[in-house]
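Keep in mind that this is a model prediction, so the values were computed, not measured. Positions are given from 1 along the sequence.
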Amino acid sequence: MNTTQTGSTKRPGIVPLHPSLNQKAQHSYEQYLSRAHDEERAGNRIEAENYYQHAEHYFRSIR
C-alpha cells in the first residue's frame with residue numbers, strides 16, 4: 001500500500017486518484033444520483049436507495 005502524500009490531498013497518507021479516474025468517478029456519481037432522483041420521483045423508494053448507495057460509493061472516491 002502506497003502511503004505517500006502527493007498533490008493537494010486532504011487526507012494524509014492517501015494518494016489522490018489519477019485525474020481521468022477521478023473524472024470517471026465523478027461521472028458515475030452524477031449518473032447514479034440522477035437515477036436515484038428519477039426513481040424517487042417515480043415512487044420507487046427501494047430502487048432509489050440502491051442508487052443512492054452506489055452514488056455514495058463514487059462520492060467517496062472523488063473526495
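Rounding to the nearest 0.5 Å gives a distance of 10.0 Å between CZ of Arg45 and CD of Glu49. Atom CD1 of Ile46 is separated from atom CD of Glu39 by 11.5 Å, given to the nearest 0.5 angstrom.
His54 contributes a side-chain N or O that, together with a main-chain N or O of Asn50, makes up a donor-acceptor pair within less than 3.5 Å.
Shown here for Leu33 and Ala55, the closest heavy-atom pair between the two residues is N-CB, 3.9 Å. Across Asp38 and Arg41, no two heavy atoms sit closer than the pair OD1-NH2, 2.6 Å. Here the closest heavy-atom approach between residue Ala25 and residue Ser61 is recorded as CB-CB, 4.2 Å.
Side-chain polar atoms of His27 and Gln31 form a donor-acceptor pair below 3.5 angstrom.
Applying ring pair (Phe, Tyr, Trp, His ring centres under 6.0 Å) to Tyr29 and the options Tyr52, Phe59, Tyr51 leaves one that passes, Phe59.
Taking the salt bridge (charged side-chain N to carboxylate O under 4.0 Å, His left out) definition, one finds that Glu40 meets it with nothing, sequence neighbours left out. A search for side chain to side chain contact (heavy atoms under 4.5 Å, CB included) contacts involving Glu30 returns Gln26, not counting sequence neighbours.
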